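Worksheet: one structure, shown below.
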Amino acid sequence: MPELPDVEGFREVLMTCGRRRRVTDVEVRDAGVLRGVSAQRLRRELKGRRLGEAWRHGKWLFVPMDDGPTDGGGPTLVWHFGMTGSLRCCSPDEPVERHDRVVLTLDDSRHLRYRDQRKLQGLQLVDEAQIARIVDGLGPDALTVRGPELRELLSGRRRAVKSALMDQSVIAGLGNLLCDEILWRARVAPRTPARDLSDDEIRRVHVGMGRVLETSVRAGCVPPRRSWLTGHRDDSEPTCPRCGRPLCSNRVGGRRTVWCPQCQK
DNA sequence: ATAAAGTCCTGAAAGC
DNA sequence: TGCTTTCAGGACTTTA
């Protein structure tokens, strides 16, 4: 699930539910989601501290605690949601579920719950240097990328355009569904070598990216609309919502890729 | 049982 | 030849 739009949604959950709230309790129900921090240390460092302004880069979510780095000194809580993570704001009487791995209790008694079926990524507690290390490994956030910059990012790369767009060190935030949707909108075949795109194709990819992201961020996910490619991925005999011809499904860059061979040359 | 919206690592192939 | 880029595969993990 979690691509840029989902993580942006989780950021909003934090801002509306958690901002300036003090953490009164930390329950680690499954330490398998903790990266580089013990349950004990997480508890110790978070309890009594307030949640600061959450920010996002690509699929990463950063929450400075109190006097954290962006405020001046303490730790920053970092989330990566892997494929199945989510962050939810709950009333305490809502029953805790099996995959709720970490529960933060806030000073208004509400819960911030990290739910994650597969524990592929998870939480970290980091300092300024570690934040820099994470962000340095990422390309610019997809929401901030302009047309000329996109051309620069793709230029000279011979790999398939889909796998370049999926590469977080090239551009941060796009995942499998978004890339397929964007390329379908732009009428660009996913296997086209990135450096072979014409200026017009790059412009179309950029416009498609903007539109798809805007709608998806508003929805908090890549919406499975029937007028979108995404709404047809799981059909038994998927057809293109634009031209009605059958869609192709195959591996590109190791990921399942769906496209319309008619519309995307 | 196969595959899943994510990332990391390895070894090997391909390209310049 | 040598360096860089890219790819394929497997690993992590759980469930439909």
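Because the structure is a prediction, the values reported are computed rather than measured. Just so we're on the same page: letters track the sequence lines, and every chain starts at 1.
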Can you check the A:D6 CG to B:dG6 P distance for me, whole Å?
-> 10 Å

If you look at every strand shown and take non-hydrogen atoms under 4.0 Å, does A:R35 touch a base, only sugar-phosphate, or nothing?
-> nothing

Between A:D196 (CG) and B:dG15 (P), how many Å, whole number?
-> 13 Å

A:D100/A:R29 ion pair, N-O < 4.0 Å | no

Sidechain N-carboxylate O distance under 4.0 Å for A:R88, A:E94 = yes

Considering only distance and modelled atom types, tabulate donor-acceptor pairs under 3.5 Å from the side chains of residues 210-221 of chain A, sequence neighbours left out.
unit_1: A:E214; atom_1: OE2; unit_2: A:R218; atom_2: NH2; d: 3.3
unit_1: A:T215; atom_1: OG1; unit_2: A:R211; atom_2: O; d: 3.2
unit_1: A:S216; atom_1: OG; unit_2: A:V212; atom_2: O; d: 2.7

Same-atom distance (P) from B:dT2 to C:dG9, integer angstrom = 16 Å

Taking A:R115 for the side chain and A:T84 for the main chain, is one N or O donor matched with an acceptor at less than 3.5 Å?
-> no

Salt-bridge test for A:R19 and A:E53: reply yes if a basic N is under 4.0 Å from a carboxylate O, no otherwise.
-> yes

Between A:D235 and A:R226, is there a side-chain N and carboxylate O pair less than 4.0 Å apart?
-> yes

In whole angstroms, the gap separating C1' of B:dA4 from CG of A:N176 amounts to 10 Å

Just by protein heavy atoms under 4.0 Å, how would nucleotides 7-16 of chain C read 5' to 3' in B, S and -?
-> S----BBBS-

Can you find a side-chain donor-acceptor pair between A:S198 and A:D200 that sits under 3.5 Å?
-> no

Just how far, in rounded Å, is C1' of B:dT7 from CG of A:L165?
-> 17 Å

Whole angstrom value for the distance that separates P of B:dA5 from CH2 of A:W60 | 19 Å

In whole Å, what is the span from the CZ atom of A:R133 to the P atom of B:dT7?
-> 18 Å

When rounded to whole Å, the CG to C1' distance for the pair A:D180 and B:dA5 reads 10 Å

Could you state the CG-C1' distance from A:L178 to B:dA5, rounded to the nearest angstrom?
-> 9 Å

Does A:R159 pair with A:D167 as a salt bridge, N-O distance under 4.0 Å?
-> yes

How is the base pairing of DNA chain C summarised as a dot-bracket string, given the Watson-Crick and G-U wobble criteria with both distances under 3.5 Å, [ ] for crossing and | for another strand?
-> .|||||||||||.|||

Interatomic distance, A:R21 atom CZ to A:L112 atom CG [nearest 0.5 angstrom] = 11.5 Å

Comparing nearest nucleotides in DNA chain B, the 5'-proximal residue of the pair A:M166, A:R195 is A:M166

